[in-house]
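Read through the structure below, which is laid out as structure tokens, and then see the notes.
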Amino acid sequence: MCGITGWISFDRDLRSHAPTLDAMTETMACRGPDDRGTWIEGPAALGHRRLAVIDLPGGRQPMTATTPDGTVALVYSGEAYNFSELRAELAGHGHEFRTDSDTEVVLRGYLQWGEGVAERLNGMYAFAVWDGRRQRLVMVRDRMGVKPFYFHPTPDGVLFGSEPKAILAHPLARARVGVDGLREVFAFVKTPGHAVWDGMREVEPGTVVTVDREGLRSRVYWSLETRPHPHGRDETVAAVRGLLDDIVCRQLVADVPRCVLLSGGLDSSAMTALAAARLAGSGETLRSFSVDFAGLSENFVADELRGTPDAPYAHDVARLAGTDHRDIVLDTQALADPEVRAKMLTARDMPVGFGDMDASLYLLFQAIREHSTVALSGESADEVFGGYFQFFDEGARRGGTFPWLVRHAETLGDETGVLRQDVLDVLDLRTYVGDSYAAAAAAVRRLDGESDFEYRMRTISHLYLTRFVRTLLDRKDRASMAVGLEVRVPFCDHRLVEYVYNAPWALKSFDGREKSLLREAARDSLPASVCDRVKSPYPSTQDPKYAFALQEHAKDLVARAGHPVFDLVDREALRRLAHRDTPQVRPASRRGLERALDLALWFDLYRPEVSLG
């Protein structure tokens, strides 16, 4: 896992621009604390920061291959979980290897198959190849978009990086955000290819982008396709279990300490049980980590989202699976610390966070990094198997919008309430969301003979898997890589995603509950308490002292009348929130405060040019 960046300029020799490349590369230091490397040849400049996970001494980058027609150079972030099979296949084609790294397998795979190497990879990855033989750059992103990848076309080439901050370090890129960028920040939708910053774009998941003197071209090598499902219930459960066993086995491969993120929910518990059993076969004990808040278990109050605290269930799983378990207990002072907020905002490059849930995720990963370098996560199982309440809510099923926006303000809070009315008028979020939903829903192909109900459920699944999950994956990648922790997401294996996506809804909910297929596939490895537990989302603090701390920070901000954040935020609305007497315990009631504070920090740290014209 690493950070990559680069600059292609067909009209100049970049060897005299090494300081600019160095500046871009150093923005990725958190993603790659173990090593750094740069490479410049003519119009191409590549930078890399490395987090060593496989072949610690041999995987240095940028990695090059010399051919009779020119040099081919690679910068690569991520993991190819099938690199051993590909290595054997490439050796059969006559390729010789100098290292044991998956990076060299990808480089040699490109030499053998060109950009077609993308279709052969199983994993999470973002990589760029400068092909000196053809004077072109090839950028590739994994199928589900687990690893981030941004680029910025220039008059004579392109800038690229794992994160926007790498591109913004270049003088050709302006830290400017226009109306559509702000809409992305506030609408809670994810438009494919959109990068918030003006002039910047994402390499979309499952896509190859090629840049040469003729311009820029893109090719989709994978998308979520509709196919008939060939199996009945028992065969489907067995197939899911077989896939999960294979995926976990592949994703446990590493030359550094590994662990799992264990919340006590079905998803992470299933992953923990399978991983612990796999490692136990070789005499190794799996480490597991959970996040908790000081006093939460003793003073927990159930609400519409969270009916039970996580800790008791996580402990049940840890006992049964025999893991070396540790609770990471966070206090309110740390959660409300402006420095933690600033670190998470810097990790994400934009104020699109989740308040204390972002802070706790960062602090959790920071604590885990003291013990492990690689962690397996249960992220994305809800999207794959149908775990959200919206899958069962008739209003969401027929709502004519993204299902997660149904009751969004009620359950998660309306952060737009703190914005100025003239800003809201310009953003026109209702129209923006409506247009985005229409485009997303139109991409779902209906199976011949599929009922109206099944098609609605397929559409909801498709929306979660192609829009919603990308927000969560980006959040987890940025928070983990900010502390040099590699988080792997087994439920994002494209084979599992394709298979379960095409299973009829009747199979996905055959016991009348969420995630029936996953529950049944892992039942033999889980305690009954977890199998019977109602879904509970990522935890949020209930300590009123957190809300009071936010109010104090907001009061300080209100006193800074000339702060540029008030070009967006309604100062009087923020003042009212900051002086509200009732402690705001529910996350939804804190969202306006958190959003305003995030925006203010964003202005302080990035000095963005914000244009509403």
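Quick caveat: nothing in here was measured; it's all calculated off a predicted structure.
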If the threshold is 4.0 Å, N to carboxylate O, is there a salt bridge linking [X] and [Y]?
X: Lys147; Y: Asp142; result: no
X: Glu514; Y: Lys535; result: no
X: Glu486; Y: Arg50; result: no
X: Arg470; Y: Asp474; result: no
X: Glu115; Y: Arg219; result: yes
X: Asp34; Y: Arg49; result: no
X: Glu85; Y: Arg250; result: yes

Could [X] and [Y] be counted as a cation-pi pair, given that NZ or CZ must be under 6.0 Å from the ring centre and within 45° of the axis?
X: Arg141; Y: Phe149; answer: no
X: Arg120; Y: Trp113; answer: yes
X: Arg201; Y: Phe151; answer: no

About how many Å separate [atom2] of [Y] and [atom1] of [X], when rounded to the nearest 0.5 Å?
X: Asp477; Y: Arg348; atom1: CG; atom2: CZ; result: 10.0 Å
X: Asp246; Y: Asp493; atom1: CG; atom2: CG; result: 7.5 Å
X: Ser101; Y: Gln61; atom1: OG; atom2: CD; result: 7.5 Å
X: Phe186; Y: Arg595; atom1: CZ; atom2: CZ; result: 5.0 Å
X: Asp356; Y: Ser540; atom1: CG; atom2: OG; result: 3.5 Å
X: Asp358; Y: Leu345; atom1: CG; atom2: CG; result: 9.0 Å

For the pair [X] (side chain) and [Y] (backbone), establish whether a donor and an acceptor sit closer than 3.5 Å, ignoring hydrogens and angles.
X: Arg287; Y: His325; value: no
X: Ser218; Y: Val208; value: no
X: Arg87; Y: Val105; value: no
X: Glu104; Y: Thr99; value: yes
X: Thr5; Y: Met24; value: no

Margin query: So that I know where these two stand, are His48 and Tyr76 an aromatic pair - ring centroids less than 6.0 Å apart?
Written below: no

Notebook entry, point to check: Using a distance-only test with no angle check, is there a side-chain donor-acceptor pair under 3.5 angstrom linking Lys476 and Ser377?
Noted result: yes

Margin query: Within the 3.5 Å criterion, strictly below it, is a donor on Ser263 or Ser268 matched to an acceptor on the partner's side chain?
Written below: yes

Shortest non-hydrogen contact between [X] and [Y], atoms and distance:
X: Ile4; Y: Ala128; answer: CD1-N, 4.3 Å
X: Arg519; Y: Cys531; answer: NE-O, 3.0 Å
X: Gly378; Y: Asp267; answer: O-CB, 3.6 Å
X: Leu463; Y: Ala440; answer: CD2-CB, 3.5 Å
X: Gly264; Y: Tyr313; answer: O-CB, 3.4 Å
X: Val317; Y: Val530; answer: CG2-CG2, 3.5 Å

Next item on the list: For atom CZ of Arg278, decide whether the heavy atoms of other residues, nucleotides or ligands shown that lie under 6.0 angstrom number more than 12.
Entry: no

Note to self: Take a 6.0 Å sphere around CZ of Arg513 and say whether it holds more than 12 heavy atoms from other residues, nucleotides or ligands.
What the structure shows: yes

Are [X] and [Y] close enough that some pair of their side-chain heavy atoms sits under 4.5 Å apart?
X: Glu163; Y: Arg31; value: yes
X: Phe491; Y: Leu496; value: yes
X: Glu202; Y: His194; value: no
X: Arg143; Y: Pro205; value: no
X: Leu262; Y: Ser269; value: yes
X: Arg397; Y: Pro403; value: no
X: Cys259; Y: Val374; value: no
X: Thr373; Y: Leu51; value: yes

Next item on the list: For Thr285 and Asp324, run side chain to side chain donor-acceptor pair (under 3.5 Å): C-alpha distance rounded to whole Å, both residues' side-chain angles, the deciding distance at 0.1 Å, then the answer.
Entry: CA-CA 7 Å; Thr285 299; Asp324 177 6; over 6 Å; no

Next item on the list: Could you pull out all residues at least two apart from Phe402 that satisfy ring-ring contact (aromatic ring centres under 6.0 Å, His included)?
Entry: Trp404, Tyr437

Next item on the list: Indicate the ring-plane relationship of Tyr388 and Phe391, choosing parallel, tilted or perpendicular according to the 30° and 60° boundaries.
Entry: parallel

Next item on the list: Under the side chain to side chain donor-acceptor pair (under 3.5 Å) rule, what do Arg326 and His371 come out as? Steps first, then yes or no, please.
Entry: CA-CA 11 Å; Arg326 180 172 302 191; His371 308 277; 2.8 Å; yes

Next item on the list: Go through the steps to decide whether Glu204 and Val209 satisfy the test side-chain contact (heavy atoms from CB on, under 4.5 Å), and finish with yes or no.
Entry: CA-CA 9 Å; Glu204 294 188 34; Val209 176; over 6 Å; no

Item checked: Full working for side chain to side chain donor-acceptor pair (under 3.5 Å) between His229 and Thr236 -> CA-CA 9 Å; His229 185 72; Thr236 300; 2.9 Å; yes

Next item on the list: Decide side-chain contact (heavy atoms from CB on, under 4.5 Å) for Trp505 and Arg456; before the verdict, give the C-alpha distance in whole Å, the side-chain angles of both, and the deciding distance to 0.1 Å.
Entry: CA-CA 10 Å; Trp505 180 248; Arg456 281 200 303 274; over 6 Å; no

Checklist line | Partners passing side-chain contact (heavy atoms from CB on, under 4.5 Å) against Thr401 (at least two apart in sequence or in another chain) | finding: Leu405, Val406, Val433

Notebook entry, point to check: With sequence neighbours left out, what residues match Pro490 under side-chain contact (heavy atoms from CB on, under 4.5 Å)?
Noted result: Ile247, Gln251, Met271, Leu376

Notebook entry, point to check: Should Phe160 and Phe127 be marked as a ring pair (Phe, Tyr, Trp, His ring centres under 6.0 Å) after you check the CA-CA gap, both sets of side-chain angles, and the distance that decides it?
Noted result: CA-CA 10 Å; Phe160 69 85; Phe127 64 88; over 10 Å; no

Next item on the list: Given side chain to side chain donor-acceptor pair (under 3.5 Å), test Ser77 with Ser162 step by step and report yes or no.
Entry: CA-CA 8 Å; Ser77 170; Ser162 292; 4.6 Å; no

Next item on the list: Decide yes or no on side-chain contact (heavy atoms from CB on, under 4.5 Å) for Leu330 and Asp292, but give the supporting numbers first.
Entry: CA-CA 6 Å; Leu330 306 176; Asp292 199 3; over 6 Å; no

Next item on the list: Under the side-chain contact (heavy atoms from CB on, under 4.5 Å) rule, what do Tyr538 and Val291 come out as? Steps first, then yes or no, please.
Entry: CA-CA 9 Å; Tyr538 184 85; Val291 66; 4.0 Å; yes

